[in-house]
Protein chains: 2
Amino acid sequence: MQLNNTTQYAIRILSYIANKHDKQLYSAKELAEILSIPYKFLTKIMTELVKADFILSIRGREGGYKLSRPASEISIMDVLNQFNEFVEQKQCLLGIGMCDNNNKCGLHDQWVKPKKMIKDMFENTTLENLDGNGYKI
Amino acid sequence: MQLNNTTQYAIRILSYIANKHDKQLYSAKELAEILSIPYKFLTKIMTELVKADFILSIRGREGGYKLSRPASEISIMDVLNQFNEFVEQKQCLLGIGMCDNNNKCGLHDQWVKPKKMIKDMFENTTLENLDGNGYKI
DNA sequence: TTTAAATACTACTAAAAGGTAGAATTAAAC
DNA sequence: GTTTAATTCTACCTTTTAGTAGTATTTAAA
């Protein structure tokens with residue numbers, strides 16, 4: 001019941017870039033140091049973020065990364081989907097194929113409400129409305 | 001944002017044993033076939049369930065497994081804890097150590113409510129009050 | 001025009017999770 | 001007593017996830 005490592009990193013990277021408006025570009029070196037993410041692993045994730053069109057990269061000397069669209073237009077759910085978390089909404093909590101009202105697992109009914117809250121939370125939270133300033137990175 | 005395989009299997013096994021009162025003992029062979037869980041992997045999980053005192057095993061010919069206490073006294077949360085899911089309540093959603101009101105990650109505030117719902121759901125659901133009969137196994 | 005500092009690509013290694021094999025142990029049935 | 005059917009133990013194999021290494025490419029500065 002946790003997000004995987006790569007997804008956690010991705011959210012932290014995007015959230016950091018989104019909430020610091022004092023600069024235009026962030027280099028991988030800089031992000032890796034500030035966020036304590038292994039440099040080589042971070043660059044791998046950056047490439048994926050670029051391909052997913054969350055991030056725009058400028059190559060060459062003085063290059064770096066920035067958001068490819070306004071922070072308000074990227075929800076946490078968008079990021080989760082890109083990293084294969086929570087992809088299939090009907091995915092059974094107990095791993096027995098797909099779950100719906102006609103095909104329930106033992107936990108299905110109890111799971112409906114919490115699942116909806118999680119879903120709404122991730123859909124309604126964008127890179128812009130994370131918890132303002134002052135949170136750990 | 002999923003339970004891991006082993007945990008899913010464990011819940012399914014316990015829930016099956018708890019909700020079929022027409023027998024005293026279930027053998028690993030039988031459980032593996034009915035629940036479509038690889039036999040050898042299931043026996044491994046059974047051993048863990050025995051050690052965790054959810055299950056009582058009878059060895060030797062005509063042996064098998066049964067619950068070690070009433071189904072109403074084993075919550076899903078108990079099982080999750082045993083299998084290292086959700087163990088640490090303060091565990092940060094973004095993987096930045098521990099989270100609380102004095103030490104928040106960017107998603108902390110939004111995560112509080114959904115997390116509480118999930119927690120309550122898992123704590124209040126026991127092997128007895130899974131969705132009655134007729135659900136898939 | 002060379003050099004330096006950045007991203008991108010390809011391929012590998014390490015650790016964790018999922019799963020398998022085979023033999024040891026136990027105890028009822030025969 | 002021997003056999004048979006069950007659980008248990010130890011060790012291994014496979015797949016996925018996490019992380020590393022090295023080189024190629026790009027582009028602005030010197």
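Letters go in sequence order (proteins before strands), and every chain restarts at 1.
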Query - Pairs flagged by side-chain hydrogen bond (donor to acceptor under 3.5 Å, both in side chains) wherever residues 49-68 of chain A is involved - sequence neighbours left out - result: A/D53-A/S68
Requested in this report: Starting at atom CD of B/Q8, determine the distance to atom C1' of C/dG19, rounded to an integer number of angstrom.
Outcome: 15 Å
Query - Test item: A/N103 side-chain N/O and A/D100 main-chain N/O as donor-acceptor pair under 3.5 Å - result: no
**Report entry** Length of the line joining A/N4:CG and C/dG18:P, which is rounded to integer Å
**Finding:** 13 Å
Query raised in the report: With a 4.0 Å cut-off, would you call A/E48 and A/K44 a salt bridge?
Result: no
Query raised in the report: What about B/K40, does its side chain sit under 3.5 Å from the base of C/dG18 through a donor-acceptor pair?
Result: no
Query raised in the report: Under 3.5 Å, is there an N or O donor on one side and an acceptor on the other linking the side chain of A/R61 and the base of D/dT27?
Result: no
Report summary line: Note: contacts of residues 27-37 of chain B with DNA chain C (heavy atom, under 4.0 Å) are none
Query - Side-chain N or O of A/K51 closer than 4.0 Å to phosphate OP1/OP2 of C/dC9 - result: yes
Report task. Report yes if a donor N or O on one partner sits less than 3.5 Å from an acceptor N or O on the other, where the partners are the side chain of A/R59 and the base of D/dT25; otherwise report no. Result -> yes
Query raised in the report: Starting at NZ of A/K44 and ending at C1' of D/dT20, how long is that distance when rounded to a whole Å?
Result: 8 Å
Report task. Kindly assign one of parallel, tilted or perpendicular to the pair B/W111 and A/F122, based on the angle between their ring planes and the thresholds 30° and 60°. Result -> parallel
Report task. Using atom CG of B/L42 as one end and atom P of C/dG18 as the other, report the distance to the nearest whole Å. Result -> 15 Å
